[in-house]
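Below is one structure; the comments refer to it alone.
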Number of protein chains: 2
Amino acid sequence: VNNTEFLHEPIRDYVISSEKVAHVQVGNNAEHALLVLTKTGYSAIPVLDHGYHLKGLLSMGMITESILGMERIEYERLSEMKVDELMQTDIPIVGIDTEFRRVFDLLINHPFLCVEDEEGMFAGIMTRRVLMKKLKKAVYT
Amino acid sequence: VNNTEFLHEPIRDYVISSEKVAHVQVGNNAEHALLVLTKTGYSAIPVLDHGYHLKGLLSMGMITESILGMERIEYERLSEMKVDELMQTDIPIVGIDTEFRRVFDLLINHPFLCVEDEEGMFAGIMTRRVLMKKLKKAVYT
Ligand SMILES: Nc1ncnc2c1ncn2[C@@H]1O[C@@H]2COP(=O)(O)O[C@H]3[C@@H](O)[C@H](n4cnc5c(N)ncnc54)O[C@@H]3COP(=O)(O)O[C@H]2[C@H]1O
Ligand SMILES: Nc1ncnc2c1ncn2[C@@H]1O[C@@H]2COP(=O)(O)O[C@H]3[C@@H](O)[C@H](n4cnc5c(N)ncnc54)O[C@@H]3COP(=O)(O)O[C@H]2[C@H]1O
């Protein structure tokens with residue numbers, strides 16, 4: 001009735017690979033990041049360095065929060081702020097061979113997880129949507 | 001080994017009730033909405049009318065997309081735009097007695113669902129996180 005064996009499988013074949021993942025780079029300014037987030041339509045995306053290593057996560061909210069002044073929203077400051085100072089850096093990271101049961105635990109509190117390969121390079125992301133499709137197949141098989 | 005009977009249960013007892021749900025109201029301007037989204041930290045929230053009926057969903061991205069001008073981001077227009085013209089109105093809605101298996105299907109493509117009671121009033125939301133906790137319990141019991 002149920003097939004939950006996938007929980008012991010590595011996530012490797014289901015990772016959304018890096019070239020499909022919208023991201024920004026360290027050194028980009030906050031206004032550029034706001035444009036990327038708006039045009040891609042994602043609420044949070046990874047921040048990478050020039051060597052394609054994961055440095056943090058950036059959301060629209062982190063950007064707007066930083067310009068909430070006492071009197072007004074200080075939009076003019078966006079072009080002079082870097083994503084480096086706004087991004088969230090304490091983020092969970094998994095490997096391409098991490099098992100699904102481990103990502104299951106983490107995805108309860110995170111909409112997506114960043115995945116690294118064996119060399120520590122950004123390999124892609126694992127999302128709640130991908131996991132939920134696997135779970136649906138498991139409970140209905 | 002697995003207990004997926006919860007899939008036939010109504011979501012009623014697990015709905016995050018309306019008084020706990022951050023929202024904005026029709027007629028609010030976009031700058032006010034930007035403040036609410038920033039301060040609550042949510043990426044998308046419901047839009048309600050004054051009778052507490054669901055009218056749409058609003059995200060940070062819908063707001064910023066509306067002010068992307070040819071030359072620059074036109075922040076000054078935010079205070080004169082209403083959430084009504086920016087919100088997404090074609091949204092899935094479920095009832096408090098909808099079964100979990102139905103919300104399971106919908107939550108594959110939506111981070112959360114708005115829930116209505118029998119009178120058509122906004123009753124709360126059902127999130128991916130709540131479903132995933134139920135699923136975890138089901139596959140590990
Ligand atoms: N362009 C699109 N086409 C179809 N459906 C879309 C979509 N954009 C968003 N969605 C739907 O909305 C959910 C939440 O997206 P959000 O951007 O808040 O949150 C996303 C976003 O922060 C990140 N993400 C997903 N795909 C990404 C990508 N290609 N590049 C960068 N970040 C991505 O992972 C989070 C969870 O994604 P997940 O797929 O589980 O869940 C997605 C998906 O079900
Ligand atoms: N203040 C907080 N405390 C703890 N964890 C937090 C949090 N804010 C966000 N998260 C985590 O991040 C996930 C995505 O939040 P997001 O705001 O993009 O997307 C949220 C948001 O759009 C909406 N949502 C959730 N709770 C809400 C509330 N009380 N009021 C309004 N909207 C809510 O439902 C979506 C999915 O929520 P879900 O719980 O599945 O998933 C949440 C949760 O796991």
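Throughout, a chain's letter reflects where its sequence line sits, starting with A, and its residues are numbered from 1. Source: prediction; values computed, not measured.
Of all residues spanning residues 56-66 of chain B, those with a heavy atom less than 4.5 Å away from chain A's heavy atoms are B/Met60, B/Gly61, B/Thr64, B/Glu65, arranged by number. Interface with chain A: from residues 80-91 of chain B, no residue qualifies, criterion being any non-hydrogen pair under 4.5 Å. Within residues 21-48 of chain A, the residues having any heavy atom under 4.5 Å from a heavy atom of chain B are, by residue number, A/Glu31, A/Leu34, A/Leu35, A/Thr38, A/Lys39, A/Ser43.
A 6.0 Å sphere centred on NZ of B/Lys55 holds no more than 12 heavy atoms belonging to other residues, nucleotides or ligands. Taking a 6.0 Å sphere around OH of B/Tyr14, one finds it holds 12 or fewer heavy atoms contributed by other residues, nucleotides or ligands. Remark: A/Glu19 CD is packed, more than 12 non-hydrogen atoms of other residues, nucleotides or ligands lying under 6.0 Å away.
Contact check for B/Tyr140 versus A/Leu7: side-chain heavy atoms found under the 4.5 Å cut-off.
Listed here is the closest heavy atom pair of B/Leu131 and A/Met132: CD2-CE, 3.8 Å.
Interatomic distance, A/Arg101 CZ to B/Lys136 NZ, rounded to the nearest 0.5 Å: 11.5 Å. The CG atom of A/Leu78 lies 4.5 Å from the OH atom of B/Tyr75; values are rounded to the nearest 0.5 Å. Interatomic distance, CG of B/Asn109 versus CZ of A/Arg129, reported as 4.5 Å (0.5 Å rounding).
The side chain to side chain contact (heavy atoms under 4.5 Å, CB included) test applied to B/Asp117 returns B/Ile96, B/Glu119, B/Met121, B/Ala123, not counting sequence neighbours.
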